[in-house]
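Below is one structure, written out as structure tokens, with a few remarks after it.
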Amino acid sequence: MMEKLLNTLKIDALVVGGGIAGMQSALDLADQGYQVAMVEKEASIGGKMIALSKVFPTLDCCSCITTPKMSAVAHHENIHLFTYCEVQSVEENTNGFKTTVLQKPRYLDADACTGCRMCEYVCPIDLRNPFDLNMGATRAVRVPFSTAVPQIAVLDMENCILCGKCEKACPVGCIDFSQQPKLFTLQTDTIILATGFETTKRDAKKEYGAGELHNVIDGLMMERLLAPTGPYGRIIRPGDGKEPDSIAYVQCAGSRDKTLGVEYCSRVCCMYAIKQAMLISGSLPLADITIYYMDIRAFGKGYEQFFQNARAMGVEFVRGKVAKITQDDHQNPVVRFESTDNGSKVSERTHDLVVLSTGMLPSYDTKPVYRIPAGDDGFVYVPEPNSAPCVTDREGIFVTGAAAGPMDIVDSIVMAGAAAMESAAYMSEKQDQAEIHEQAEESEMEVAHV
Amino acid sequence: MSESTNPKKKEEKDEEVRIGVYTCYCGGNISDAVDCEHVKKVMTDLPNVVVSRTDMSMCSDAGQALIEKDIKEKGINRVIVGACAPSLHEQTFRGTVARAGLNPYLYHHVGLREQDSWVSHGDYRGATCKALNLMTAGVAKTRLLAPLEPIRLEAEKHALVIGGGVAGLRTALDTARRGIQVTLIEKSPFLGGRMAQLGKVFPTDEDACATLDKLIQKVASHPKVTIFTQAEVTGVSGYVGDYQIKILQQSRGINNDIAEAVLDADMPKVPDAFNYGLTERKVIYKAYPGCYPPTPAVDWAHYNGEPIIVNGQPTIFYNKPKNFDLKVGAIVVATGFKPYEPRAGEYGYKELPEVVTLPQLIRYLELDKTTRTLTWAGRAVNDIALIHCVGSRDTEGVHEPQADGQVNNYCSRVCCTATLHMANELRERFPDTNIYDFYEDIRTYGRGHETYYQKALEGMVRFLRYRGIERPEVVAAPEGDTHPVLVRAKDSLSQGEEMEVAADLVVLAVGMMPTQVDELVQMLKISRGVDRFLAEVHPKLRPVETAVNGVILAGTAQGPMTIQESVAAASAAAVKVAVLLGQGEVQLDPFVAYVDPEKCDGNGACIEVCKYEDAIKMETVTINGKDVKRAVVTPANCAGCGGCVSACPNRAIDIQGWTLDQYDAMVDAIALDLWDLMEVPA
Amino acid sequence: MATRVDPTLLKEMKKYGAVGVEKCFNCGNCTAICPLTSDEYAFPRNMIRMVQIGNTEKLTQSLDPWLCYYCGDCSATCPKGAEPGETMMAARRWLTAKYDISGHGARLYTSSKATWKAIVGYALIPLILLVIFHVSRTLGLHNYGDIVTDRVDINAFAPTMWVWAIVLIDFTLLGGRLLRNVINMFQLTMGTKSGKETIPLSVYIAELKTLLTHAFTQKRWLDCGEDRSRWIKHLFLVTGYGTMLVLIVGLLWWFQTDEIYPIYHPQRWLGYYAAIVLLYTSGEALIGRIQKKGEALKFSHHSDWLFPAFLFVGTLTGILLHAFRYAGWAWPTYIIYTIHAMILIAMLDTEVGIGKWTHMLYRPLAVYFQAVKVRAEEYNKKTAAALAAAN
Amino acid sequence: MAENKKHKPKILILATISGGYAGADSVGQLHTDYPTNTYILPVLCPCIFPEEFYLRCFEQGIDAILVMYSGTDSPYKGGPERTAVMINQTYPLMKERGIDTRRLRLAAICTVCTKPFLKEVTQMDTLLKGIGFVRDEMTIPEAVQ
Amino acid sequence: MNKKVEARARAEKMKQLRKEHKVTVKRTQGLLKEQKRIHRDICLTIRDTPKTIPEIAEVMEMPSHEVLWHITALKKYDVVAEEGMCGEYVLYTRAEEEA
């Protein structure tokens, strides 16, 4: 299939990671005529962004921005998409980089699958859906989510009883339980790392209930609750299905906290909390929303106005770090905090639902495979951020998006363009040099002839 | 250049019109306020409509696949989608339609989100009825759509970059590295922009000028870059791929042979804007020692024309401005920012000698990098107060407007980190000083920025937190006080107690304002946002492009940014230029005038009103053996304004894709009273 | 009028052992995590803020530092590593010094060199007195106390009544100093110096039981979230120390005897009990500090070492004294007696009224004062309401 | 909003893509409500419309027309001027037919002119509440329905 | 005949595969058994009257968050449907068409 095609094609750039940054870089390269290979470890591209509800500060629906890009990536004649694949090793050679990629088995023939989901409907195993942060349900064989690209099912062998029902149900007979992992290689001139980020684990802080309190959720979970395709189809709390009347946001629940080993600011949490607050007050107009914060970092274009609008809409902002979250007899989370702004009183307030504004953590260590070190914060090290924000300390390999530190979508997209520029310029210059070299050789030969 | 495509139109009109109508939920954005299912139902019954569907998000791959499938399987040959604003996804769906083998202009987009669901909360029935009318109008137009071919134009592989600051330089370099010719113009005599005025910069503490110099060297030595300093754009015409630019360049006035000597000569002095008026410079000057180009320049605005003795010779310098034209395919606007200038009396600025802006202090410290004792206004400085958000985050009606009557309600993004960076530098260089910092929120958001806050705290900088509406006040200390100025604020961290800092120096962390480029904005027809910075099309979909095809933004002209962000934005701008011009050809929408030769009687009314050169000509053609005059349009020269359409008494001329017939049909549909169709449970 | 920010206090407080207080960005986590805080008591952030702003006046008037038992939750959960618990500790040191009018305490807290000098100075007092005593005897100025070497006769080496007299004199002086400091504390914290509304005596009397319970039990400590072992150990320490203090200061004539009583005699077992408790608790405290065990022992200001070290060495020398006497070694007994006396005097003189020792008075007083304040506020409200009703 | 039950006078907005239409989008992005009897059609430049077009609109039952052009920001040479000419020529024709000339208005709206946009729309809506449907005042030359 | 051979080969292959994935298959089978029981019980509980999550949890003596998850799964695959609200809680009932 694809590999054969690749042998005949010269691939110019490899983009690792199919999130918004990776997609934008790939598109910007492909639009210039470069052949791009994209490797994504999940079964669909779209990254973290595709799971979000609406985005700040425009409040337009997130999938309206992501899905067209996903679609463009999938359909672009210069982009070759490899999902459910992981990069195993990278070797440098005279032509650039030889990358060995592992194709994880989907246990079905990806070329034949039409994404009809018949297999999913017959599968007897209900599993927690990772796309919904384990709040919703899915099956052991499934299309990852409704807008997945490619629309191909994937079978989770870890949770399969091999009953064979899917095999029988599949109209094209593409299920193959005996599929094995496969390795293939890609030869490229340059690599762009767009490996993205992870979020703070919900159980990271014992003062916040160590993940044991079911009505204390994290920001990404709230995104799913707000998304029209969310697990419950409405905003109810995961502890007992109650529609919350009073919702609290705990800012810096994973950032700017030495006890968690994360001293940096995660950059997006203030804005996503404010955005979610605005969305909630749209769906649950009577709900009280409180945001406990230390500094509101509404720094971007239009962000400050967004923050002021939220304030004007009645979202309550309380300055003070929540020290402790416990739970009352009705599973209602109780937050304890000092309001440092107003008379410095210590208070305990009961809410129906608490959202931890968890921060961004590096998701991938580039050291073993790419021999690129991490900075103090664990994100990919960039030696000259003010001159070359996408250039790593290994020539020919570039970094973009949240792999290079916490970043919001706007900044990721801009940086993705910059990474595409850097790698394109790197390739142009390499080619120019090769031509100069060739010319020099030719002229030498001429001299020799004479 | 393509031919006008109207001959084709006739044939295809005969074919049966089969319309597919798609109403998007937009993930709830539309369906929350509009009954999309009802819209779908009503659309099904309209003539020529073959399918009518809804989807959670039409623009998703699955949604697009739906349309493709209908085109292929149901023989749909016109498509209309009701979704977000056409500026966002009209192109997406044109692409979808094209992929399915249909002419992309057989697609029509109706904005149901920005112009209906988002502006009609609480009026579900009204919004739904409005959607019905709009969609019906859309279908009416769709019925009359004709296939069109985009106009293909050869693109000049040449870009103009306006602005020689770090963003402009970076865009120029990157564009040139992709093999595209670049002309970089800078208004002032020297490159470097605002970055040259900085000392050490975060997050690396590198020397700004050193970093900048490296970049300038690369740009200046690149064979594909031409640099013009003291140059300004005076005229723009044309369109993407083929812009004609008029440039006016002032003379430098100095030959290289006297470059050294002239600097030593005696001559009048003026306040040095490079040092924000802290010092004076001569009228013939270099901005800073290592500036580029290294040749001094004459400050024509201040040079009085009197002879200056150079090498013993009285010399008079003459400015002979040069006008020249350029042909470029794309324009990058990198006109940068200017620091906010507080009005007189704002925090004591210009009234108390001890009050300075942060950029001024940076220059002051750069003037003498070695001194270990800080003095200001003749006094040793022991206590320094820093005030954040000066000229940023102001609220209309609460804060006094600035000198120009405007209120900057945005956050200037960089000042927090810049201020803390300065606090740390002061702490390091002058360890005995006490530093106080008045803030509302510390916004050290970027990678490595929080470290500066941490360091400032560790360095015993005292932070006082005021609340937005209660800004600090700066007053002269009463006679006999230990210090010349007092800064007072209600410290929210001390239960709102009024605190007072006695200071020798008050530093205002001023925000960023867009450079005044009104004329350029008008010439380029680009737009500004409410914050008066230049506006992009969409912050996520097209973050560096303007609404004008071929005009691209780079750096702080677009909004406050750090150096790092400016550089990234500049590279992103360059990539757009490369995409646009790299292929040597650009495509334009075919929305231009065309003439129906059967209706045209050659009266020439259209030519009379047309303001575009060579857009419409009268030609003699032979019809039925008779030589008659008929109007003929040259598509590449036609802008598609339609002035000719209203002038023609015979309705013989129209704009492709926007015909009067289509408008009539839409108006009819909008005039329909559809309330009867609303008798469904809301 | 606006309070002027005073940058010196923070620097001063660092000398008193505040570490990291400058790093605090006032998030309020410490106050909210503290199990003892409520609407009435909000610390430690307020305390930190006073230090950062340099509000010396407010800090001097504050009782809050004494209401903290240093469980360390605030320091353990501080997102900035600002060590709020240690700031509270430093504030206690600072306040102890502030209450001391002589300024002696301040010198000892801010300089380890001054502390050493004081220790040596005070320790020399008993030595010099003994030397004078024996030299004057050999000069024939008096005929008390020949040094007996064939058996142990402490009362001959250092006659009990003389020693007791000196101890009592010293203790009276120290007591005077302590009383003066307590009055000073009262004036500073209860606002009598700032001319605020005075609290009626009845309120003071009504809350007396708070003073007594807290003085003996440190009950408030139990509200801390940690386990009770620290409280229990401390309680034991208090009983052991109290016993020893009573034995030496109050009952020296009964305690310092040459006759060895039978084991069931209270003089024997009281002494043993006190010795064991003191040796164990002070030893554990020292080891804890060396190992930096737990939040409360992570940082040790030089003044923190002093009290447990004195107790430990004092107890050790006391035990040795007892052992030598038991063994009948005359000279070693006299020498160790001298050393023991030197240590105890040095301890008393550097601790009572100015050192950490003093917290055993200040802390219950502070709890008491705080309770008085709360009651007074209620009282005032009531009277105001009654007045309003009458009108 | 119970009053929505019935058909209300309709406002047609002809908005330039480079100006008014984008301005309307900006209003949408701010989620500011305005009446639903407003129908925006994008135009490249309203100079395309001859006088008959406007008259026909009224005849068809459009009760008011707001032409939101780009004014001096127009990307088209001569477009704004020509638009103004066409509209000025329409007014006397409206009078002839007994149509209140306030029903046709020309306004310059830029891409971020959210406040002017809302002002125009609400003003027109208020006007229509007072003067009612166009059909009720029109003297229709030919017999139409 | 040919079909039979194929079926046998397939059965053999599945057997082999089940052996290969012994651990996960066994664990998942246990999970499935439990899940089936719970689903049956939930359906039984809400057969006659629609109930809220806390009500179902009380009847089944199960933590409410687990009940919610099972309901979510049943709802996604159309076994259970929402039927109005009871105060702040959603009422769940059997879906009309049984899966």
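We use all heavy atoms of the structure for the numbers below, so side chains are in, but hydrogens, waters and symmetry mates are not. Remember, it's a predicted structure, so these values are computed and weren't measured experimentally. Note on naming: letters A, B, ... go to the chains in the order of the sequence lines (proteins, then strands), and numbering restarts at 1 for each one.
The local environment of NZ in C:K356 is crowded, with over 12 non-hydrogen atoms from other residues, nucleotides or ligands closer than 6.0 Å. At most 12 non-hydrogen atoms from other residues, nucleotides or ligands lie less than 6.0 angstrom from OH of C:Y379. No more than 12 heavy-atom neighbours from other residues, nucleotides or ligands sit within 6.0 angstrom of CD on C:E377. In C:K113, the NZ atom is not crowded: 12 or fewer heavy atoms of neighbouring residues, nucleotides or ligands sit closer than 6.0 Å. Remark: B:E396 CD is loosely packed, at most 12 non-hydrogen atoms of other residues, nucleotides or ligands lying under 6.0 Å away.
For C:D6, the part lying near chain B is the backbone, with the side chain staying farther off; criterion is any non-hydrogen pair under 4.5 Å. Contact annotation for B:L464: both backbone and side-chain heavy atoms come within less than 4.5 Å of a heavy atom of chain C.
Between the side chain of B:R462 and the main chain of C:V5, no donor-acceptor pair closer than 3.5 Å is present. Of the possible polar contacts, one joining the C:R45 side chain to the B:L493 backbone as a donor-acceptor pair under 3.5 Å is found.
Side chains of C:R4 and B:D481 form a contact here, defined as non-hydrogen atoms less than 4.5 Å apart. Residues C:N46 and B:Q495 are in side-chain contact: their nearest non-hydrogen atoms beyond the backbone lie under 4.5 Å apart. Contact check for B:L457 versus C:K80: side-chain heavy atoms found under the 4.5 Å cut-off.
The CZ atom of C:F25 sits 6.5 Å away from the OH atom of B:Y453 when rounded to the nearest 0.5 Å. Atom-to-atom distance recorded for B:M460:CE and C:Q52:CD is 11.0 Å, nearest 0.5 angstrom. For the atom pair C:N26 CG and B:S494 OG, the distance stands at 7.5 Å (nearest 0.5 Å). Separating the OH atom in B:Y436 from the CD1 atom in C:I53 is a distance of 9.0 Å, to the nearest 0.5 Å.
B:E458 and C:K23 get closest at one heavy-atom pair: CG-CG, 3.6 Å.
Salt bridge B:E497/C:K58: present, at least one basic N to carboxylate O contact under 4.0 Å.
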Evaluate side chain to side chain contact (heavy atoms under 4.5 Å, CB included) for C:R49 paired with B:D491, printing each intermediate quantity in order. CA-CA 10 Å; C:R49 192 64 189 152; B:D491 179 34; 2.8 Å; yes
